[in-house]
There are 2 protein chains.
Amino acid sequence: MKDINTEQAILNAAITIFQKKGMAGARMQEIADEAHINKAMLHYYFRNKQQLFEAVLMSAFQKLAPQMNIIFASEIDVFEKIRKFTAGYIDFMLENPYLPLFIIHELKHNPDFVKKIMLHPNKPDPKPLIIQFEKEIKAGRIKDIPPKQIVLNLFSLTIFPFVGDTLFKIVLDIEDKDYHKMIQERKTLIAEQLISSISA
Amino acid sequence: MKDINTEQAILNAAITIFQKKGMAGARMQEIADEAHINKAMLHYYFRNKQQLFEAVLMSAFQKLAPQMNIIFASEIDVFEKIRKFTAGYIDFMLENPYLPLFIIHELKHNPDFVKKIMLHPNKPDPKPLIIQFEKEIKAGRIKDIPPKQIVLNLFSLTIFPFVGDTLFKIVLDIEDKDYHKMIQERKTLIAEQLISSISA
DNA sequence: ACATTTGTTAACCATTTGGTTAAACCATAC
DNA sequence: GTATGGTTTAACCAAATGGTTAACAAATGT
């Protein structure tokens with residue numbers, strides 16, 4: 001049984017191609033070529049394009065979630081948690097630059113898939129962080145802002161520069177190299193920005 | 001000559017379909033149906049799919065830019081400008097919810113088109129705002145943070161909640177209706193957050 | 001050793017899709 | 001009125017694409 005190798009090779013190739021071209025833009029033949037196997041194998045292991053795609057999207061989502069939860073669930077000070085998250089997540093995205101836009105785009109175009117994810121056990125869960133915010137608000141250490149809004153801000157500041165990089169490079173009239181420097185700078189900058197925006 | 005009407009009808013239909021399905025996912029027949037015309041007309045007016053798509057993407061981009069520039073170029077106080085931008089832009093996106101993700105996604109998948117836009121006169125231009133930031137920093141009224149980073153934050157906080165709405169609804173475990181409320185709340189919230197994060 | 005299951009391949013198929021064409025339509029100019 | 005030009009339509013076409021099949025190879029169990 002060498003099926004385990006082949007199946008993984010298909011999945012890896014599919015991840016690469018789907019992330020780059022999206023569900024609609026990807027071609028089965030292209031995925032087969034990327035995996036150096038016969039196209040029929042794709043159907044042998046994953047039945048059809050839709051199911052292969054869903055396996056890829058699910059695996060992409062699975063990759064996101066743990067990365068978040070490790071930090072969200074750790075037992076550290078709120079501010080320190082924010083710092084850990086921004087720095088850690090930026091590093092993670094530097095290694096997986098296609099991931100966030102891929103997930104966001106395909107999630108929006110596959111509403112049925114959203115339901116499947118909702119039922120899945122391994123979701124990103126910011127609840128521990130939200131509870132910490134609530135405590136800090138009660139203690140008067142941070143401003144009375146809806147905690148979910150703070151999380152939304154945290155996500156936006158961290159993730160959007162990767163999702164919208166092409167647009168930003170145009171609007172800010174900036175080269176790839178300089179943009180990369182800005183991203184590096186953000187690893188510490190946005191945590192401090194966010195903290196000072198919520199500190200009481 | 002009723003060609004002007006037909007051409008516009010095609011463009012409108014194409015905008016609708018391309019925004020919903022993307023370049024790769026859209027079908028010429030679907031666009032023709034949406035416009036209630038014969039498919040051959042698409043080719044009569046726009047030659048082929050690529051050119052029709054580029055016309056759509058350009059028009060979408062043209063829609064974004066003025067909306068930004070009006071606010072960026074106006075002669076008002078920096079903080080007031082931030083408030084105007086967030087509120088105004090959120091309203092704009094509530095009316096065009098597909099626009100930002102469409103532009104970002106297609107820009108990333110059509111690198112050649114990026115060059116075309118760079119040459120185009122009507123680009124979003126945050127330079128007036130950046131100059132204001134620089135002045136305020138020199139005057140010691142706001143912290144010494146790279147102005148482009150502030151603009152990046154402003155964009156992220158404003159636009160990302162629309163781009164990533166599907167993901168957020170999953171992560172924050174929130175219904176459409178409540179998410180809409182959060183967005184409304186953000187119209188004033190994020191301006192104040194951003195301002196307090198940069199105030200000296 | 002041999003039968004059976006599992007994995008792999010090349011050739012093939014039906015449908016979809018972007019694009020074309022030739023004829024028809026229709027407004028306007030003469 | 002009818003010739004002329006742009007506009008619209010239905011039918012058509014070739015290529016691409018997702019998916020299938022039947023034969024072949026390689027393990028696996030007995």
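Throughout, a chain's letter reflects where its sequence line sits, starting with A, and its residues are numbered from 1. Heavy atoms only: backbone and side chains are in, while hydrogens, waters and symmetry mates are out.
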Side-chain donor-acceptor distances from residues 158-174 of chain B under 3.5 Å, at least two apart:
| unit_1 | atom_1 | unit_2 | atom_2 | d |
| --- | --- | --- | --- | --- |
| B:Thr158 | OG1 | B:Leu154 | O | 2.6 |
| B:Asp165 | OD1 | A:Lys108 | NZ | 3.1 |

Provide the closest heavy-atom pair for B:Ile145 versus B:Ile137 in the form atom of the first, atom of the second, distance. O-CD1, 3.4 Å
With sequence neighbours excluded, residues passing salt bridge (charged side-chain N to carboxylate O under 4.0 Å, His left out) with A:Glu34: none
For nucleotides 10-12 of chain D, print each protein N/O atom paired with a nucleotide N/O atom at under 3.5 Å, atom names and distance only.
| unit_1 | atom_1 | unit_2 | atom_2 | d |
| --- | --- | --- | --- | --- |
| D:dA10 | N7 | B:Asn38 | ND2 | 3.2 |

List in chain and number order the residues that pass side chain to side chain contact (heavy atoms under 4.5 Å, CB included) with A:Lys20, two or more places apart in sequence or in another chain; answer none if no residue qualifies. A:Thr16, A:Tyr98
Start at the 5' end of DNA chain D and walk down; is the nucleotide closest to B:Met41 or to A:Arg47 reached first? B:Met41
For B:Tyr45 and D:dT8, give me the distance from atom OH to atom C1', rounded to whole Å. 8 Å
Could you tell me which residues satisfy side chain to side chain donor-acceptor pair (under 3.5 Å) with A:Arg27, sequence neighbours excluded, listed by chain and number? none
Nearest whole Å is fine: how far is D:dG18 P from A:His43 NE2? 8 Å
I need the minimum non-hydrogen distance between B:Glu7 and B:Phe46, along with the two atoms involved. CG-CZ, 3.9 Å
From CG of B:Asn5 over to C1' of C:dA27, roughly how many Å is that when rounded to an integer? 15 Å
Measure from CZ on B:Phe53 to C1' on C:dG18 and round the result to the nearest Å. 16 Å
With sequence neighbours left out, the residues meeting side chain to side chain donor-acceptor pair (under 3.5 Å) with B:Asn48 are none
N or O in side chain of B:Tyr44 less than 4.0 angstrom from C:dT20 OP1/OP2: no
A:Leu42 CG to C:dT8 C1', in whole Å, measures 12 Å
What are the atom names and distances for every N/O pair under 3.5 Å that joins the protein to nucleotides 13-17 of chain D?
| unit_1 | atom_1 | unit_2 | atom_2 | d |
| --- | --- | --- | --- | --- |
| D:dT17 | OP1 | A:Arg27 | NE | 2.8 |

Show every donor-acceptor pair shorter than 3.5 Å between a side-chain atom in residues 117-124 of chain A and any protein atom, with sequence neighbours excluded, or say none if there are none.
| unit_1 | atom_1 | unit_2 | atom_2 | d |
| --- | --- | --- | --- | --- |
| A:His120 | NE2 | A:Gln62 | NE2 | 2.7 |
| A:Asn122 | ND2 | A:Gln62 | OE1 | 3.1 |

Whole angstrom is fine here: how far is it from CD in B:Gln29 over to C1' in D:dT9? 12 Å
Pairing residues for A:Ile76 by the side chain to side chain contact (heavy atoms under 4.5 Å, CB included) criterion, not counting sequence neighbours: A:Ser74, A:Glu80, A:Lys81, A:Lys84
Residues two or more places apart in sequence or in another chain: which of them pass side chain to side chain donor-acceptor pair (under 3.5 Å) with A:Lys143? B:Ser196
Within the structure, does a side-chain N or O atom of B:Thr6 lie under 4.0 Å from either OP1 or OP2 of D:dT7? no
Mind calculating the distance between CD1 (B:Ile31) and P (C:dT17) to the nearest angstrom? 12 Å
Contacting residues from residues 11-25 of chain B, given that a heavy atom lies under 4.0 angstrom of DNA chain D: none
Rounded to the nearest angstrom, tell me the gap between atom NE2 in B:His36 and atom P in D:dT9. 12 Å
Which residues pass the salt bridge (charged side-chain N to carboxylate O under 4.0 Å, His left out) test with A:Glu192, sequence neighbours left out? A:Arg83
